[in-house]
Undergrad: 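Would you mind keeping the following structure in view while I ask a few things?
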Amino acid sequence: MSDHHTFRIGCHLSSSKGFLAMAKQADAIGGNTFQFFTRNPRGGKAKELNLKDIEAYKTYCEEHDIGRVLAHAPYTINACAKDEHIRTFAREAMADDLRRLEHIPECCYNFHPGSHVGQGAETGIEKIVEILNEIMWKDQKTTVLLETMAGKGSEVGRTFEELKAIMDRVELSDKLGVCFDTCHVFDGGYDIVDHLEEVLEEFDRVIGLDRLRAVHLNDSKNPIGSHKDRHECIGAGYLSMEGICRIINHPALRDLPFYLETPNELPGYAREIQLLKDARR
Ligand code: FE
Ligand code: FE
Ligand code: ZN
């Protein structure tokens, strides 16, 4: 059982050495959660899980209070592509990821809704819904998260309305949630620096704050509404340390797990985690 009132903070880690290695790494840099890619973004078959590693991982997590981990689908999948071969890869990769993730306790599975590549957002939404309805099943333990997007190119999921439209049409909608990427939301045009309260009210009105499951905590290299999706280190971008402080302490967000996807190596992540712990009220 994990305490949902502790400050859950971690960063994106490489999964190449397995789950126990990630948990130890998270702990070593002062974190108590982490995010990882489910497979190589450049495609290919995913590694089969090593069940011995998973057993050791579970024990380690219990002993060191590591929890609420986040699996990230490869960012190269596109469930709403025009090309059916690309959609087939998305469907198969996501179905296979979900099957493997059943072994990981307290796990959410985050994916980018995709790019409609000129077909229009409505067609994009339909195609994403179709794939989700094909790959999700009634008794799955993993919650699937739609990530809020920056609106780069023809990305679907920049607006809360688009995410809502997807969620409404998925049959097992109760197994869906949202991952709030602070760089993307800001880059997508929502002013979470000077109007955090209003943006969260809007999110609540359109989707419902109860749907939030995770926060990607990133600063942004670009000003609001740039649609460029360039992450910056905490406090070094347009969100600023003050803006980020308000985010991690906001009553609607503070009990969610926070995952850093900032341009850092492990020592940089360790410094940011400490900085954020110091900023918690
Ligand atoms: Fe992402
Ligand atoms: Fe993200
Ligand atoms: Zn991004």
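First listed ligand is number 1; within each ligand, the first listed atom is number 1.
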Undergrad: Are Leu70 and Ile248 joined in one hydrophobic group, where the rule is that I, L, V, M, F, W and Y side chains link up if heavy atoms are under 4.5 Å apart?
TA: no
Undergrad: Write the atom name of the N, O or S atom in His216 that is nearest the Fe ion (ligand 2).
TA: ND1
Undergrad: Assess the pair His231 and His184: is the distance between their ring centroids shorter than 6.0 Å?
TA: yes
Undergrad: Any N/O/S of His184 under 2.8 Å from the Fe ion (ligand 2)?
TA: no
Undergrad: Starting from the Fe ion (ligand 1), look over the N/O/S atoms of Glu147 and name the nearest one.
TA: OE1
Undergrad: Has Glu261 got an N/O/S atom less than 2.8 Å from the Fe ion (ligand 1)?
TA: no
Undergrad: Measure from the Fe ion (ligand 1) to each N, O or S atom of His112 and report whether any distance is below 2.8 Å.
TA: yes
Undergrad: If the cut-off is 2.8 Å, does any N/O/S atom of His72 fall short of it from the Fe ion (ligand 1)?
TA: yes
Undergrad: Would you say the ring centroid of Tyr190 lies under 6.0 angstrom from that of Phe203?
TA: no
Undergrad: Are Phe34 and Ile54 co-members of a hydrophobic cluster defined by side-chain heavy atoms under 4.5 Å apart?
TA: yes
Undergrad: Would you please indicate yes or no on a ring centroid separation below 6.0 angstrom for Phe19 and Tyr60?
TA: no
Undergrad: Does the salt bridge (Lys or Arg N to Asp or Glu O under 4.0 Å) test come out yes or no for Glu84 and Arg87, once each step is laid out?
TA: CA-CA 5 Å; Glu84 278 305 313; Arg87 289 189 71 225; 3.0 Å; yes
Undergrad: So how many protein N, O or S atoms does the Zn ion (ligand 3) have within less than 2.8 Å?
TA: 3
Undergrad: Rounded to the nearest 0.5 Å, what's the gap from CZ on Arg100 to OH on Tyr109? Could you check?
TA: 8.0 Å
Undergrad: For the Fe ion (ligand 2), find the closest N/O/S atom on Asp181 and give its atom name.
TA: OD2
Undergrad: Measure from the side-chain N and O atoms of Asn133 to the backbone N and O of Val170, and report whether any donor-acceptor pair falls under 3.5 Å.
TA: no
Undergrad: Please find out if less than 6.0 Å separates the ring center of His12 from that of Phe37.
TA: yes
